[in-house]
Amino acid sequence: MKFGIIRERKNPPDRRVVLSPEECQNVLSKFPKAQIFVESSPIRVFSDKEYADNGLEVVQDMESCEVLLGVKEVPIDALIPNKKYFFFSHTIKKQPYNRELLRAILEKNIELYDHEVITNQKGSRLVAFGRYAGIVGAYNGFRAYGLKYNLFQLPKAESLLDQQALISELKNIELPNIKILLTGRGRVGNGAKEMLDAMGLEQVGVTEYLKENFNYPVYCQIDASEYNKRKDGVRGNKADFFQNPEAYKSNFFRFAKVTDFYIAGHFYGDGAPYLYTREDAKQPDFKIKVVADISCDIDGPVASTIRPSTIAEPIYGYDPVSETETDFKNENAIAVMAVDNLPCELPRDASVGFGEAFSKYVIPSFFNEDKDGLLERALMTQNGRLTPRYAYLQDYVDGKE
């Protein structure tokens, strides 16, 4: 089986890679029948030389490879017909901007495996960059806080080498006695929590957070069961919420009244109530003034997130009264950090973590006849058609929706 690590061609450039040089060696040592070729790239976070020094062949094209491994969408003119491809296609939610890409994949008889749908038998994702989104998102949030109040100036995350460098910078700042709220206990939320803990911030429970005052900064991590409640007054739980989101309403405002800095690391499902609305943000007792929206759902559950921001310009202001964008340093503005490709800012660490999961879960499936059905579940296209699991995308492909 010949695997090819493709050059990332999407703009703006993404420096991440599916397998680091070291991870390639791990794969080759475990699976003697595997071969890995690396397409030369001037932007990849690991240089061609680092791969060559690890005994890997760096090549100019991928024609001889059967399985091609990438991170972001492959431009249509760079797709090689009749290959197996792994990348984030951003098509499973019928994203209009990638309709032509999915059509081209079908026309070129490509087998597409989307990283986003690589799951175990229970449906849990196995390979993801979420932890690194949480790590960088939390850092960027503190950077935004410092800039809004002219308290401290942190360097941009993309200028630092790794997570430890980010932590070192955060340990040097002095925070006022603020309350920090973190939503989500998944990969993203827990990635952010790693940073709060590494700074030595004290975590407090919901009751303390809501009722007590502290003379030092604290944070509270909550999930869906704590910021939603059933409309009928019956005691709900997380499992019930995910099954019946329409039966719930937001219970978030009690947190908004005491929170200075909010980190949004939750998963938002269709039909779930918004955490806070534009009307909520207008209320005089709505206290949040800095939001790091890692989840980044536009015009959605976090009302102040009206557009994604960029690595180049990561912060904008939201004026709750006019519901429009403004200078984030304005006194009444909510400073919003809503970069939607955060792991790109920590490409080395993110690539190492992603590759460890990919070689642990995905690579074996090519050599054990896919005994757990992992490849079958992730395969979106085959023989020029959508596979049955992804047939729901047919009208999207045909332009009917």
Which of parallel (below 30°), tilted (30 to 60°) and perpendicular (above 60°) describes Tyr85 and Phe87?
-> perpendicular
According to the interplanar angle, ranging from 0 to 90°, do the rings of Phe354 and His115 count as parallel (below 30°), tilted (30 to 60°) or perpendicular (above 60°)?
-> perpendicular
Minimum side-chain heavy-atom gap [X]-[Y] below 4.5 Å:
X: Glu116; Y: Met380; result: no
X: Pro42; Y: Arg7; result: yes
X: Val27; Y: Ile36; result: yes

Does the Arg103 side chain pair with the main chain of Val397, one donor and one acceptor, at a distance under 3.5 Å?
->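 Pair found, side chain donor or acceptor close to backbone of Val397.
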Is there a donor-acceptor pair closer than 3.5 Å between any side-chain N or O of Glu8 and the backbone N or O of Val71?
-> yes
Run the ring-centre check on [X] versus [Y] and record whether the distance is less than 6.0 Å.
X: Phe252; Y: Tyr276; value: yes
X: Tyr219; Y: Phe261; value: no
X: Phe328; Y: Tyr318; value: no

Say you draw a straight line from CD1 of Ile180 to CZ of Phe142; how long is it, rounded to the nearest 0.5 Å?
->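 Reported to 0.5 Å precision, the distance equals 4.0 Å.
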Quick one: does NZ or CZ of Lys179 land under 6.0 Å from the six-membered ring centre of Tyr209, within 45 degrees of the ring axis?
-> yes
Distance-only side-chain donor-acceptor flag, Gln35 / Glu57, under 3.5 Å | no
Going by atom types only, do Tyr248 and Asp240 share a side-chain donor-acceptor pair under 3.5 Å?
->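 Their side chains do contain a donor-acceptor pair, which is all the 3.5 Å distance test asks for.
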So Ser322 and Asp319, side-chain hydrogen bond (donor to acceptor under 3.5 Å, both in side chains) or not? Walk me through it.
-> CA-CA 6 Å; Ser322 64; Asp319 179 352; 3.1 Å; yes
